[in-house]
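Below is one structure, written out as structure tokens, with a few remarks after it.
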Amino acid sequence: MAKNLTTREEDYSKWYNELVIKADLAENSAVRGCMVIKPYGYAIWEKMQAELDRMFKETGHENAYFPLFVPKSLFEAEEKNAEGFAKECAVVTHYRLQNDPDKPGKLRVDPEAKLEEELVVRPTSEAIIWKTYKGWIQSYRDLPLLINQWANVVRWEMRTRLFLRTAEFLWQEGHTAHATKSEAVEEATKMQDVYATFAENFMAMPVVKGVKTDSERFAGAEDTYTIEALMQDGKALQAGTSHFLGQNFAKAFDVKFATKEGKQEYVWATSWGVSTRLMGALVMTHSDDKGLVLPPKLAPHQVVIVPIYRNDEQFDAVSEAANELMKQLRSKGVSVKFDNRDTHKPGWKFNEYELKGVPVRVAIGPKDLENGTFEVARRDTLTKEVMSKDVIIDRIVNLMDEIQNNLFAKAIDHRATHTTEVESYDEFKKLLEEKGGFFSAHWDGTEETEEQIKKETKATIRCIPLDDDNASGVCMVTGKPSARRVLFAKAY
């Protein structure tokens with residue numbers, strides 16, 4: 001398999017796009033800005049989805065499904081949310097096509113089939129969900145309401161990139177209702193923790209937990225809690241967000257409940273979500289110039305076995321050993337693929353699985369059978385080791401954790417070396433161009449200064465970190481008092 005990837009140093013953006021396509025994760029579709037997620041890419045997403053779904057259910061959430069279309073009047077009900085997404089909305093105005101009398105064989109919109117009310121293709125589902133919740137919630141006994149849905153959404157992005165920003169993408173969105181403000185805030189921070197745990201324990205991707213500034217928070221939210229990751233090129237990526245919505249949507253849709261004392265009060269709300277953008281984050285956190293590097297917990301195949309043989313007799317003998325190895329590994333919970341195709345040579349297969357990031361590759365040939373050994377190659381370190389058949393099962397099982405931990409440690413090291421405290425604006429601008437990464441700096445808390453920095457440097461405040469020491473100082477731009485440091489970076 002010819003790879004011919006552009007290197008990260010040559011052109012990081014081009015390297016990313018080539019890798020996503022050549023590793024069979026996704027490709028551009030016939031619809032502008034939309035993608036086709038291919039089986040190998042979707043298998044990774046399914047693993048992400050399964051783990052997240054398990055974590056959601058362990059924290060008491062249930063799955064439901066809500067309509068793709070939102071009546072325009074409902075969408076407009078919460079003004080800030082509507083204004084925030086208005087420019088990205090796709091809108092359905094007609095419900096039927098007809099033959100074009102002027103162009104035989106072509107269709108046109110039937111002018112008589114205009115909808116009485118236009119329908120917004122959901123960019124997010126708060127409006128349709130809170131309209132529904134009005135019928136579900138009457139009493140404190142109905143709370144908390146903890147609902148998640150796995151769905152697709154449409155945001156009409158002008159500049160798109162596979163997984164990172166597409167006009168349509170897959171995601172999950174949680175929408176919860178609570179009796180008190182404290183319960184809703186606790187829910188929002190709990191889900192931020194769930195996302196951080198998933199990112200670090202399964203994606204092997206370290207994240208910073210924080211709160212968005214007023215200008216960066218979700219439209220219609222009172223607070224947005226975020227997890228921010230750092231990619232290899234020094235740019236940040238927002239990997240997940242959890243929003244404390246206050247009573248904004250409850251008031252917009254008149255969702256009240258009777259308290260134990262019989263009083264009518266508006267409920268308190270949250271929403272939270274991650275998307276197929278995590279696929280892009282996974283690629284950019286670990287992969288190299290040879291291809292994908294996947295953490296074992298999310299790899300579709302954790303181990304691939306490649307037979308080496310010259311004739312049918314050797315193939316039969318090698319296959320017997322491979323099938324036995326596969327059986328034993330699977331019994332230990334390791335996912336294994338035995339690539340016994342006779343249409344490609346071993347060298348081609350080695351390159352293919354290196355490109356696709358399979359964590360461990362095992363080669364078995366006639367000499368291995370004679371010696372009672374197997375050749376084991378690790379994708380993360382690109383090293384090989386000859387192992388005895390007496391130890392290989394335990395060794396490979398242990399390698400799953402070893403590789404997972406190694407990838408996380410490398411990502412932690414990268415973030416540490418690319419996180420810089422700066423005191424002056426000149427230093428900030430200089431290092432932003434020369435080094436990149438996260439920059440911890442003081443800011444005076446005003447939107448004017450925030451916008452100035454964004455306009456002049458293209459860097460944004462990624463978050464106000466939750467684990468910061470809250471040491472006061474002076475703003476690097478204005479010299480005005482600053483209550484604490486915030487985290488800046490250029491971002492995807």
Side-chain angles (χ1 to χ4, degrees), residues 84 164 174 181-182 184-201 203-231 234-246 270-275 277-278 280-281 284-285 408 411-412 414-423 428 432 436-447 449-451 453-454 457-473 475-477 482-492:
L164 296 176
K181 177 180 179 179
S182 61
V185 171
E186 181 183 358
E187 166 76 6
T189 57
K190 178 195 294 182
M191 299 319 295
Q192 180 189 37
D193 288 341
V194 166
Y195 289 153
T197 298
F198 172 76
E200 297 192 341
N201 290 357
M203 296 179 67
M205 181 180 73
V207 295
V208 176
K209 293 190 293 184
V211 182
K212 289 291 189 180
T213 62
D214 292 354
S215 65
E216 292 286 334
R217 70 165 61 122
F218 178 76
E222 293 193 7
D223 275 312
T224 289
Y225 300 88
T226 183
I227 57 171
E228 301 287 329
L230 188 66
M231 303 295 98
K235 287 186 179 179
L237 187 140
Q238 178 181 288
T241 49
S242 181
H243 315 291
F244 168 57
L245 302 176
T270 79
S271 66
W272 29 273
V274 294
S275 74
R277 164 174 274 225
L278 290 180
M284 291 195 292
T285 298
F408 185 66
I412 283 281
H414 176 265
R415 188 181 70 180
T417 58
H418 290 81
T419 299
T420 309
E421 280 195 6
V422 294
E423 305 301 333
F428 173 78
L432 184 67
F438 282 140
F439 291 89
S440 177
H442 280 286
W443 160 64
D444 62 17
T446 67
E447 288 192 18
T449 301
E450 184 179 7
E451 182 60 30
I453 295 169
K454 182 178 180 179
T457 69
K458 296 183 179 179
T460 55
I461 298 177
R462 302 314 307 155
C463 68
I464 303 169
L466 295 178
D467 60 356
D468 189 56
D469 60 7
N470 295 326
S472 60
C475 175
M476 66 174 176
V477 178
S482 166
R484 58 183 301 167
R485 290 181 180 272
V486 297
L487 208 60
F488 288 90
K490 291 184 178 180
Y492 285 96

| request: Working to the nearest 0.5 Å, report the span between CZ of Arg217 and SG of Cys463. | output: 14.0 Å

| Is a side-chain donor or acceptor of Ser242 paired with a backbone partner of Ala188 at a separation under 3.5 angstrom? | yes

| field | Arg485 side-chain N/O to Pro465 backbone N/O, donor-acceptor pair under 3.5 Å | value | no

| Passes side-chain contact (heavy atoms from CB on, under 4.5 Å), Asp214 versus Glu447? Steps please. | CA-CA 8 Å; Asp214 292 354; Glu447 288 192 18; 3.9 Å; yes

| Closest approach of Ala204 to Ala411 (non-hydrogen atoms, all atoms of both residues) | O-CB, 3.9 Å

| Heavy-atom closest contact (Ala236 atom, Ala489 atom, distance) | CB-CB, 3.8 Å

| query | Do Leu237 and Thr285 come close enough that some side-chain heavy atom pair is under 4.5 Å? | reply | no

| Polar side chain donor-acceptor pair, Ser215 to Glu451, under 3.5 angstrom | no

| query | Does any non-hydrogen side-chain atom of Met203 lie less than 4.5 Å from one of Phe198? | reply | yes

| Hey, what do you get for CD1 (Ile412) to CE (Met205), rounding to the nearest 0.5 Å? | 11.0 Å

| said: Nearest 0.5 angstrom please: Leu230 CG to Thr419 OG1, how far? | reply: 6.0 Å

| Nearest-0.5 Å distance that lies between atom OG1 in Thr460 and atom CZ in Phe488 | 8.5 Å

| said: I need the minimum non-hydrogen distance between Ala441 and Met476, along with the two atoms involved. | reply: CB-SD, 3.7 Å

| 4.5 Å side-chain heavy-atom contact, His243 and Asp223 | no

| said: For a 4.5 angstrom cut-off between non-hydrogen side-chain atoms, does Met191 reach Thr270? | reply: no

| said: Closer than 3.5 angstrom, by distance alone: can the side chain of Arg415 be matched with the main-chain N or O of Val207 as a donor-acceptor pair? | reply: yes

| field | With Gln238 via side-chain contact (heavy atoms from CB on, under 4.5 Å) - residues at least two apart | value | Lys212, Thr226, Glu228, Thr241, Arg277, Arg462

| Mind checking whether Glu216 and Ile461 have side chains closer than 4.5 Å, heavy atoms only? | no

| request: Compare all side-chain heavy atoms of Lys209 with those of Tyr225 and state whether any distance is below 4.5 angstrom. | output: no

| message | Between Leu487 and Val208, is there a side-chain heavy-atom distance shorter than 4.5 Å? | response | yes

| field | Short side-chain to backbone donor-acceptor contact, Tyr195 and Gly273, under 3.5 Å | value | yes

| Met284/Lys235 under side-chain contact (heavy atoms from CB on, under 4.5 Å): CA gap, chis, key distance, verdict | CA-CA 10 Å; Met284 291 195 292; Lys235 287 186 179 179; over 6 Å; no

| field | All ring pair (Phe, Tyr, Trp, His ring centres under 6.0 Å) counterparts of Trp272, not counting sequence neighbours | value | Phe56, His61

| Between CZ on residue Phe408 and CG on residue Asn201, distance to nearest 0.5 Å | 7.5 Å

| note | Sorted by chain and number, sequence neighbours left out, side-chain contact (heavy atoms from CB on, under 4.5 Å) with Leu432 holds for Phe428, Phe439, Thr457, Ala459, Lys490

